[in-house]
Amino acid sequence: MSEPDPGVPRAGKPEASPVAPGAAPYEQLANRIARVHRHLRKWARRTDVTCYRLYEKDIADQPLIVDWYDGDAVVWAFARTRNETAEQEAAWLSAVEQSVRSALDLGAEHVFVKRRAPQKDRQSGGQYERLGQKRTVKNVREQGLLFEVNLSDYLDTGLFLDHRPTRALVRERAAGKAVLNLFAYTGSFTCYARAGGATATVTVDLSNTYLDWAARNLELNGFTTGPEHRLERADCLAWLDQAPRATQRFDLIVCDPPTFSNSTSMPKPFAIEKDHPWLLARCRELLNPGGELYFSTNFRGFDLRGGGEGFTIEDLTERSIPEDFRNRRIHRCFRMVRSG
């Protein structure tokens, strides 16, 4: 794993606004985004990455995330306390869009602004909720592989940028192995496993929409599906509950579960905070001795204590967060090796 680029700005306390007396509103936001983009372009070319994070709540009064997608920008706007009316909200979002367009020299058709509320249950529709039908779709490149992203129609684009280093690690470890990708979304981990020489893959997700998307991502990279490389539509929690009775075992599992699920297939709601021991135990039963589980969660208060029985555990969190992410708490990530 490469060392962080010294030119990439790092996290710190949110910057105060404005930057100087008389500075135009939002000038600091535009300057910040433009400065980070200049820093990151050389790093991106060197690492073969065309999508990366430019801004995440770096200025106290601008609760935004801005990601670059190879000539387009996606902006997620969070709740802003000073917006007390719908008119104030609309004016803020318009000013934000203009700032991003100015910073990145983009036309309006290349900037996508989305409101981000607390995420609903990912297993019961929150992740899969459609926002529109514009179908602004393009293929982007990441570390030698291609992925389809949809910039307009869903809350997320189809590619979680914070898992980029973990995807690369899975590719390094996949040669000759049977790989299981749980909560697979659009199958990016499966693409990396196939690129790394996995001999068998099973990709499990609840949504036909996202499994079809995963199939397109595989096809983009020259991979086909079939008996040895299956896409399975299932509630992952229910699938895990039944899977130990099946015969197939795996050498490598990727598991990035929801923080909370009200899955109707399970007798009670699932919460990662208290139910991760059950989840990890089910994964362990599916691993061959010496097999690896790459487990991640974006639950900020996560504590692994009490959930690692039968594993040798390595905390990968720090090395699994990309250089372009100033937020070093974006997720937790562990490599867990099944004991004999």
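Below, all heavy atoms of this structure are taken into account, side chains as well, without hydrogens, waters or symmetry copies. Each residue takes its place number in the sequence, starting with 1. Small disclaimer: the values here were computed from a predicted structure and weren't measured.
- Under the 4.5 Å side-chain criterion, counting only non-hydrogen atoms from C-beta, T186 is not in contact with L159.
- Y26 is listed as a side-chain neighbour of W92, based on a closest heavy-atom distance under 4.5 Å.
- Using a cutoff of 4.0 Å between basic side-chain nitrogens and carboxylate oxygens, R80 and D61 are scored as salt-bridged.
- Residues T203 and N181 have side chains that never bring a donor and an acceptor to within less than 3.5 angstrom of each other.
- Remark: side-chain polar atoms of R116 are not paired, donor with acceptor, to backbone N or O of F78 under 3.5 angstrom.
- The closest side-chain heavy-atom distance from V66 to V36 is not below 4.5 Å.
- For R329, there are no salt bridge (charged side-chain N to carboxylate O under 4.0 Å, His left out) partners at least two apart in sequence or on another chain.
- Legend: residues meeting side-chain contact (heavy atoms from CB on, under 4.5 Å) with A195, ordered by chain and number and at least two apart, are L145, R171, F223.
- A donor-acceptor pair under 3.5 Å is absent between the side-chain atoms of T136 and the main chain of S152, judged by distance alone.
- Within the 3.5 Å criterion, the main-chain N or O of A178 finds a donor-acceptor partner in the side chain of D251.
- For the side-chain contact (heavy atoms from CB on, under 4.5 Å) criterion with T201, the lone passing option out of E228, R194, R230 is R194.
- Residues C51 and L161 approach most closely at CB-CD2, 3.8 Å, considering heavy atoms.
- Scored by the salt bridge (charged side-chain N to carboxylate O under 4.0 Å, His left out) test, D212 finds no partners at all (sequence neighbours excluded).
- For the residue pair Q143/Y192, the side-chain donor-acceptor check at 3.5 Å is satisfied.
- Here the side chains of L180 and V204 are in contact, with some heavy-atom distance below 4.5 Å.
- The aromatic ring centroids of F295 and F302 lie less than 6.0 Å from each other.
- Side-chain atoms of Y69 and T157 include a donor-acceptor pair closer than 3.5 Å.
- Proximity of H331 to I321: side-chain heavy atoms (C-beta onward) are separated by under 4.5 Å at one or more points.
- Counting non-hydrogen atoms of neighbouring residues, nucleotides and ligands closer than 6.0 angstrom, the CG atom of D303 exceeds 12 such neighbours.
- Under the 3.5 Å distance criterion, the side-chain polar atoms of S339 are matched with a main-chain donor or acceptor of G310.
- Clustering of Ile, Leu, Val, Met, Phe, Trp and Tyr by side-chain heavy atoms under 4.5 Å joins L220 with L146.
- Across all their heavy atoms, L169 and R319 have their closest contact at CD1-NH2, 4.3 Å.
- Atom CD of Q88 sits in a crowded spot, with more than 12 heavy atoms from other residues, nucleotides or ligands closer than 6.0 Å.
- Within the 4.5 Å cutoff, side-chain heavy atoms of R326 are placed close to those of D58.
- No donor-acceptor pair closer than 3.5 Å links the side chain of H37 to the backbone N or O of I33.
- S207 and D205 form no side-chain donor-acceptor contact under 3.5 Å, judged by distance and modelled atom types alone.
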Is there a side chain to side chain donor-acceptor pair (under 3.5 Å) between S188 and N217 once you walk through the steps? CA-CA 7 Å; S188 57; N217 279 336; over 6 Å; no
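- Counting heavy atoms from C-beta on, the side chains of R332 and D315 come closer than 4.5 Å.
- Here R141 does not pair with D70 in a salt bridge; the nearest charged N to carboxylate O distance is not below 4.0 Å.
- Side-chain contact between K114 and V74 is present, with heavy atoms from C-beta onward closer than 4.5 Å.
- Side-chain atoms of S99 come within 3.5 Å of backbone N or O of A95 as a donor-acceptor pair.
- Partners of R53 according to the salt bridge (charged side-chain N to carboxylate O under 4.0 Å, His left out) rule, which considers only residues two or more places apart in sequence or in another chain, are E56, D67.
- H163 and F160 have perpendicular rings, their planes meeting at more than 60° on a 0 to 90° scale where under 30° would count as parallel.
- Judged purely by atom type and a 3.5 angstrom limit, D241 has no side-chain atom pairing as donor or acceptor with the backbone of L237.
- Residue pairs meeting the salt bridge (charged side-chain N to carboxylate O under 4.0 Å, His left out) criterion with at least one member in residues 282-299, sequence neighbours excluded, are R173-E292, K177-E292, R282-E285, E292-R335.
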